[in-house]
Undergrad: 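Pasting a structure below so you can have a look.
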Amino acid sequence: PGTVTLLAAKPNIGKTTLANQWAYHVAMAGAPVLYVSFENPPADLIRKQLTRLASVNATDALRGRADRTKLADAAALYAKQAGGRLYYVSATTSTDVGTIQGLAERVQRAHRTPAGELPPVLVIVDYLQKLALLERGGRGDDLRHRVARVVQELRDLAEA
C-alpha cells in the first residue's frame with residue numbers, strides 16, 4: 001500500500017503479460033485488483049489467463065481449436081482462485097486518474113473486511129503513456145511532463 005511501481009520496456013517484451021500475471025497472483029492471494037487497460041479488452045486479458053492456466057495455445061483457443069475440457073477446467077480454476085477479486089476495465093478517452101480512483105474505491109468497498117476495514121487495492125494501469133496523452137493542461141504538450149504529472153497523481157492516489 002502507498003507504493004507506485006512503473007514497469008517500462010521496449011514494445012512487445014511482455015509487460016502486459018507480466019502485469020496480467022501479477023494481477024492474477026495478487027487476486028489469488030486474496031487481495032482485490034483493478035486492472036485498467038487502455039489497449040486490451042477485458043475478454044482478451046481473461047482469455048490470456050485461461051489459456052495460460054489450461055496450457056493451451058492462445059491462437060488455437062481464439063480459433064476454437066483448443067481442448068474445451070482444458071479451457072473449462074481453467075475457467076473453473078480461475079473463478080475459484082481469482083474470481084470476484086480481479087476486475088478488468090477498458091479505459092476510454094474520458095478515463096483519467098480521478099476515474100481510476102473512483103473505480104478503485106468501489107472495488108475497495110466491495111471487499112470491506114468483516115471488521116469494516118477497507119483493504120488496499122492493487123491498481124494496474126496498462127499503458128501509462130495513453131493515460132498521459134489524455135491529460136490536459138499543465139506544462140505544455142510534452143509527453144514526458146504529462147507522464148510525470150500522471151505518475152504524481154497516481155502516487156497521490158496510492159498514498160490516500
Side-chain angles (χ1 to χ4, degrees), residues 1-9 12-131 134 150-151 153-160:
T3 301
V4 173
T5 301
L6 298 177
L7 176 62
N12 298 314
I13 294 292
K15 298 177 297 293
T16 295
T17 299
L18 180 61
N20 198 15
Q21 289 178 8
W22 280 342
Y24 182 83
H25 287 283
V26 169
M28 190 172 69
V33 178
L34 174 63
Y35 193 114
V36 181
S37 178
F38 280 85
E39 197 167 43
N40 296 287
D44 288 353
L45 295 165
I46 293 168
R47 184 174 33 255
K48 287 180 182 187
Q49 294 288 11
L50 297 180
T51 57
R52 180 181 61 80
L53 291 170
S55 298
V56 299
N57 181 282
T59 303
D60 288 346
L62 191 58
R63 294 182 178 158
R65 295 189 302 225
D67 184 328
R68 290 178 187 254
T69 302
K70 284 184 175 182
L71 288 170
D73 291 346
L77 182 63
Y78 175 89
K80 179 181 177 185
Q81 291 183 334
R85 288 182 302 280
L86 179 48
Y87 300 84
Y88 290 105
V89 177
S90 286
T92 68
T93 56
S94 62
T95 302
D96 59 10
V97 175
T99 303
I100 294 169
Q101 179 177 3
L103 291 168
E105 288 171 353
R106 285 176 51 193
V107 169
Q108 194 176 43
R109 286 191 303 272
H111 294 275
R112 188 182 304 265
T113 67
E117 297 171 343
L118 296 173
V121 176
L122 172 62
V123 177
I124 295 175
V125 178
D126 193 356
Y127 221 129
L128 186 63
Q129 294 91 327
K130 287 193 178 184
L131 175 58
L134 298 174
V150 166
V151 169
E153 289 177 19
L154 291 171
R155 279 190 185 121
D156 294 346
L157 173 59
E159 292 172 359

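The analysis underlying the following values was restricted to heavy atoms, covering all of them including side chains, and did not include hydrogens, waters or symmetry mates. Along the sequence shown, the residues carry numbers beginning at 1.
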Undergrad: Just list the side-chain donor-acceptor pairs under 3.5 Å for residues 98-108, sequence neighbours left out, or say none.
TA:
residue : atom : partner : partner atom : Å
T99     : OG1  : D96     : OD1          : 2.8
Q101    : NE2  : E105    : OE2          : 3.2
Q108    : NE2  : P119    : O            : 2.9

Undergrad: Quick one: salt bridge (Lys or Arg N to Asp or Glu O under 4.0 Å) pairs with a partner in residues 107-123, sequence neighbours left out?
TA: none

Undergrad: Listed by chain and number, what are the ring pair (Phe, Tyr, Trp, His ring centres under 6.0 Å) partners of F38, not counting sequence neighbours?
TA: none

Undergrad: With side chain to side chain contact (heavy atoms under 4.5 Å, CB included) as the test, would you mind laying out the steps for Y87 and V121 before giving the verdict?
TA: CA-CA 11 Å; Y87 300 84; V121 176; over 6 Å; no

Undergrad: Going by side chain to side chain donor-acceptor pair (under 3.5 Å), name the residues that satisfy it together with R52, two or more places apart in sequence or in a different chain.
TA: Q49

Undergrad: Yes or no on side chain to side chain contact (heavy atoms under 4.5 Å, CB included) for L128 and L154, after CA distance, side-chain angles and deciding distance?
TA: CA-CA 10 Å; L128 186 63; L154 291 171; 3.8 Å; yes

Undergrad: In Å and rounded to the nearest 0.5 Å, what is the CG to CG distance from L131 to D126?
TA: 11.5 Å

Undergrad: Going by side chain to side chain donor-acceptor pair (under 3.5 Å), name the residues that satisfy it together with T59, two or more places apart in sequence or in a different chain.
TA: none

Undergrad: Can you tell me how far the CZ atom of R63 sits from the CG atom of N57, to the nearest 0.5 Å?
TA: 9.0 Å

Undergrad: Can you list every pair that meets salt bridge (Lys or Arg N to Asp or Glu O under 4.0 Å) and has a residue in residues 31-47, with sequence neighbours left out?
TA: D44-R47

Undergrad: Does L45 offer a backbone N or O that forms a donor-acceptor pair with the side chain of N20 under 3.5 Å?
TA: yes

Undergrad: So, using side chain to side chain donor-acceptor pair (under 3.5 Å) as the criterion, who are the partners of D156 when residues are at least two apart?
TA: Q152

Undergrad: Judged by atom type as modelled, is there a donor-acceptor pair below 3.5 Å linking the side chain of H111 to the main-chain atoms of G84?
TA: yes

Undergrad: Grab the two heavy atoms, one from I124 and one from A19, that are nearest each other, plus how far apart they are.
TA: CD1-O, 3.5 Å

Undergrad: Rounded to the nearest 0.5 Å, what's the gap from CD on Q81 to NE2 on H25? Could you check?
TA: 8.5 Å

Undergrad: Under the rule for side-chain contact (heavy atoms from CB on, under 4.5 Å), what residues qualify as partners of T5, not counting sequence neighbours?
TA: T3

Undergrad: Who passes salt bridge (charged side-chain N to carboxylate O under 4.0 Å, His left out) against R65, sequence neighbours left out?
TA: D60

Undergrad: What is the distance from atom OH of Y78 to atom CG of L53, rounded to the nearest 0.5 Å?
TA: 9.0 Å

Undergrad: Going by salt bridge (Lys or Arg N to Asp or Glu O under 4.0 Å), name the pairs with one or both residues in residues 68-78, residues two or more places apart or in two chains.
TA: none

Undergrad: With A27, which residues qualify under side-chain contact (heavy atoms from CB on, under 4.5 Å), at least two apart?
TA: V33, A82, R85, L86

Undergrad: Which value, rounded to the nearest 0.5 Å, describes the distance between N40 atom CG and Y35 atom OH?
TA: 6.5 Å

Undergrad: Mind checking what makes side chain to side chain donor-acceptor pair (under 3.5 Å) contact with S37, not counting sequence neighbours?
TA: none

